[in-house]
Amino acid sequence: MAFSIVDLYREVLPKTNCRDCGLATCLAFAGMVISEKLELRTCPHLPPELVEKVQRELDEQHSKGKWTKKDPAQDALEWAKERAASISLKDLPQRIGGTLKRQGDTVFLEVPYFSGTVRIQEGGITKEDGSPLNHWEQVFLYNHVAMGGCREPEGKWKGLEQIPNTVSKVKSMRDGVEEPLIQRFRGRPHELLSAGTALGGLNVKERYPSADVALFFRVLPMVHVLLLYWDEEEGERFDARVKVLFDANITEHLDIESMIFLSERLRQLLCGAAC
Ligand code: SF4
């Protein structure tokens, strides 16, 4: 058999997220083993005979090029769907907000999402018109459904680096979100402001006067994001900077992987096809 990331996570790893391997979660470790050929024995909590047996199978599948360089979003999505599968729809409004509705025999939850809504029902999560969401959106929405606690956003902001166990993700945020936004909007803060407001973001510059653009996004009822942008200042040799901040209660509602997927989706929506 060929192990996928989810197979390895589900069938072999201890699922304790102890971080003794240097990675934040067992799922992240599984991704490194399958896609990057990290040796299984790097996890010190597996019996040697199991390591030997599974590593033999992994070596064989790697030699055939199976599963390596697989789209990590696909595995993350399968995992997120599995986590959400046991959640009862009727418990969701209290945990993540939204309104339960009925259409014929179908009951679904309608949840505000950026400037539109998404529809959560037994068969999955879609846009309001029933069309599919992209991978990034599906991963963080399913994880939000699975995790969503009841604590409301509290209006205090944290950068990713202030949230525990995010060291390995800070670079992903910089390379996949902040840097492309800088490239796209350097010297054009007004374009960022109009892209953000078109997406339902509120202009909150008066609260953050040092930033050239300050946008508050109520991405979902319980998931709030603040985006601050400082444009380059040629005379003073300051390059442009972007900061994506999350509400202090974010870890009740999204795991760290999902925060990155959400930020990447925000970047895609702001940039359009340009980055
Ligand atoms: S050391 Fe093993 S159990 Fe701990 S997080 Fe890594 S893979 Fe999971």
Side-chain angles (χ1 to χ4, degrees), residues 1-87 135-136 138-149 158-177 223 246 248-264:
M1 102 181 238
F3 283 100
S4 70
I5 295 173
V6 172
D7 294 334
L8 188 71
Y9 170 78
R10 223 189 268 153
E11 294 166 25
V12 177
L13 298 182
K15 299 183 266 305
T16 55
N17 299 333
C18 70
R19 297 192 286 139
D20 289 346
C21 56
L23 290 152
T25 62
C26 294
L27 186 67
F29 177 80
M32 290 298 286
V33 171
I34 297 297
S35 301
E36 305 293 335
K37 303 183 188 172
L38 180 67
E39 290 193 8
L40 193 59
R41 64 179 177 166
T42 314
C43 169
H45 305 294
L46 296 169
E49 57 285 3
L50 180 66
V51 171
E52 199 186 320
K53 177 175 172 291
V54 176
Q55 188 66 56
R56 245 196 327 268
E57 293 178 39
L58 288 168
D59 289 345
E60 200 183 321
Q61 82 182 52
H62 284 146
S63 71
K64 293 177 186 162
K66 272 188 188 164
W67 295 101
T68 50
K69 308 285 179 221
K70 187 174 184 285
D71 176 5
Q74 184 57 38
D75 268 313
L77 176 58
E78 285 169 26
W79 190 61
K81 278 184 170 174
E82 192 177 304
R83 291 179 81 189
S86 57
I87 303 299
H135 263 150
W136 284 267
Q138 290 191 50
V139 171
F140 69 77
L141 283 164
Y142 276 105
N143 269 320
H144 182 44
V145 166
M147 283 184 68
K158 281 186 172 178
L160 193 66
E161 69 286 352
Q162 294 169 282
I163 295 170
N165 308 325
T166 53
V167 177
S168 63
K169 294 296 170 195
V170 170
K171 186 174 183 311
S172 309
M173 178 68 99
R174 193 172 57 240
D175 295 349
V177 180
V223 176
F246 299 93
N249 285 341
I250 190 72
T251 48
E252 288 248 329
H253 299 286
L254 290 180
D255 62 12
I256 291 156
E257 204 77 41
S258 298
M259 287 180 218
I260 297 291
F261 281 114
L262 162 60
S263 307
E264 293 196 353

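Values below: every heavy atom of this structure, side chains too, minus hydrogens, waters and symmetry copies. Ligands are counted one by one from 1 in listed order, and the atoms in each one are counted from 1 as well. One-based numbering along the sequence shown.
- When each of L8, L13, D59, V33 is paired with V54, the side chain to side chain contact (heavy atoms under 4.5 Å, CB included) condition holds for L8 and for no other.
- A salt bridge does not link R56 to E60: none of the charged side-chain nitrogens sits closer than 4.0 Å to a carboxylate oxygen.
- In plain terms, the two heavy atoms of L46 and V12 that are nearest each other are CD2-O, 3.3 Å.
- Taking all atoms of both residues into account, the shortest heavy-atom contact from Q55 to L40 is OE1-N, 2.9 Å.
- Closer than 2.8 Å to atom 4 (Fe) of ligand 1 sit the protein N, O or S atoms C18 SG.
- In plain terms, the two heavy atoms of L254 and M147 that are nearest each other are C-SD, 3.4 Å.
- Enclosure of atom NZ in K53 is not indicated, since only 12 or fewer non-hydrogen atoms of other residues, nucleotides or ligands lie within 6.0 angstrom.
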